[in-house]
Amino acid sequence: MNNPQPHIPDIAASGRWLEPLELVVGGLPRTQLIEALTAEGVALNAHAETLIAHPVFDDLTTHSVRIADRSVEELGLNEGGTLPQVFAAAEAHGLGLCPVVTAPYLRLVWATQTNSSNSVMSAGESPDGALNIASPVLTDDAEFPKGFYLRVVDGRPWLRGYRCDDLYVLSPDVRFAFRQVD
C-alpha cells in the first residue's frame, strides 16, 4: 500500500494559516493511523479518540482534498455563527466539508503550525491557535464530538476533538479548514 501522507513544504505561509494545498487522506487502517500519530509525537484528547473509533475510519478509501482555511468572519459572519451557519456560509463561498478522516492526515503533515500563545487545554470555547477541520457531523447526539481541531501547545502537536450543539456561537476569529470545491 502506498503511504498516503505526502510531504508538504511549509504550508503556513503568506499570512494565512494554510495556503490552499492538496492532501491525500485515508488509506491507513485505524491502528496504523494511530501508530503514525504516536510516532510523530501527536497527542490526542478523549474526543479525538472517540472520533477515530467511529466506523467511518474503517473505510480505507483515499481521497484527494484541496484544503483552504477561512475564519468565521471571512465567511461573512462578522458577529460569529453556529456550526450550521458556518457550514452554510462556507458553501455559499464555494467551500465544502472535508472527509471526516482529513484531520489526522493533516496533523501528520503540518509541522509548521504556530505554537499556541497559551496552554489552556479546555475552556469551553475555541482555543487560541486552533484550526478546526470542517467535516460532516457524524451524529445528532450532543454528547458525541462534532469534529476535530489541530493545535500546538508547548511545542507538542495535538489532534483534539470538540463538542458543541447547534446553538453554540463560534466567534468571528475561529478558523476552519474547508475543502475547495471545483
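- Proximity of Leu108 to Leu33: side-chain heavy atoms (C-beta onward) are separated by under 4.5 Å at one or more points.
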Give the table of side-chain donor-acceptor pairs shorter than 3.5 Å for residues 75-83, with sequence neighbours excluded, one pair per line with atom names and distance.
residue, atom, partner, partner atom, Å
Thr82, OG1, Gln85, N, 3.3
Thr82, OG1, Gln85, OE1, 3.3

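- Contact of the Leu37 side chain with the Ile52 side chain is registered, since non-hydrogen atoms from C-beta on lie closer than 4.5 Å.
- Across all non-hydrogen atoms, the minimal contact from Pro104 to Phe57 is CG-CE2, 3.9 Å.
- Looking at heavy atoms from C-beta onward, Pro136 lies in side-chain contact with Val100 at the 4.5 angstrom threshold.
- Here the closest heavy-atom approach between residue Leu159 and residue Ala103 is recorded as CD1-CB, 3.8 Å.
- Residues Arg107 and Trp110 come closest through the heavy atom pair NH2-O, 2.9 Å.
- Follow the hydrophobic side-chain contacts under 4.5 Å out from Val152 and you never reach Ile67; the two are in separate clusters.
- For the pair Tyr105/Ile133, no side-chain contact is recorded, criterion being any heavy-atom separation below 4.5 Å from C-beta on.
- Formation of a donor-acceptor pair under 3.5 Å by the Asn132 side chain with backbone atoms of Tyr149 is not found in this model.
- Val137 is connected to Val72 through a chain of hydrophobic side-chain contacts under 4.5 Å among Ile, Leu, Val, Met, Phe, Trp and Tyr, so both are in one cluster.
- Rounding to the nearest 0.5 Å places CG of Asp69 at 11.5 Å from CG of Leu150.
- Taking a 6.0 Å sphere around CD of Glu91, one finds it holds 12 or fewer heavy atoms contributed by other residues, nucleotides or ligands.
- The line from CZ of Phe178 to OG1 of Thr102 is 12.5 Å long, rounded to the nearest 0.5 Å.
- Remark: the backbone N or O of Ala89 is paired with a side-chain donor or acceptor of His93 at under 3.5 angstrom.
- Distance check, rounded to the nearest 0.5 Å: CG of Leu170 to SG of Cys164 gives 6.0 Å.
- Listed here is the closest heavy atom pair of Ala142 and Arg163: O-CD, 4.1 Å.
- Within the 4.5 Å cutoff, the side chain of Leu95 has no heavy atoms near those of the Val181 side chain.
- Arg160 contributes no side-chain N or O that, together with a main-chain N or O of His47, makes up a donor-acceptor pair within less than 3.5 Å.
- Contact annotation: the side chain of Phe176 never approaches that of Arg70 to less than 4.5 Å [non-hydrogen atoms, C-beta and beyond].
- More than 12 heavy atoms of other shown residues, nucleotides or ligands fall within 6.0 angstrom of atom CG in Asp141.
- The distance from atom OG1 of Thr50 to atom CG of Asn45, rounded to the nearest 0.5 Å, is 8.5 Å.
- Arg179 places no side-chain N or O within 3.5 Å of a backbone atom of Ala134 that could act as its donor or acceptor partner.
- When side chains are defined from C-beta on, Arg30 counts as touching Asp58, because their heavy atoms get closer than 4.5 Å.
- Closest of all the heavy-atom pairs between Val65 and Val25 is CG2-CG2, 3.8 Å.
- Rounded to the nearest 0.5 angstrom, Arg151 CZ and Asn115 CG are separated by 9.0 Å.
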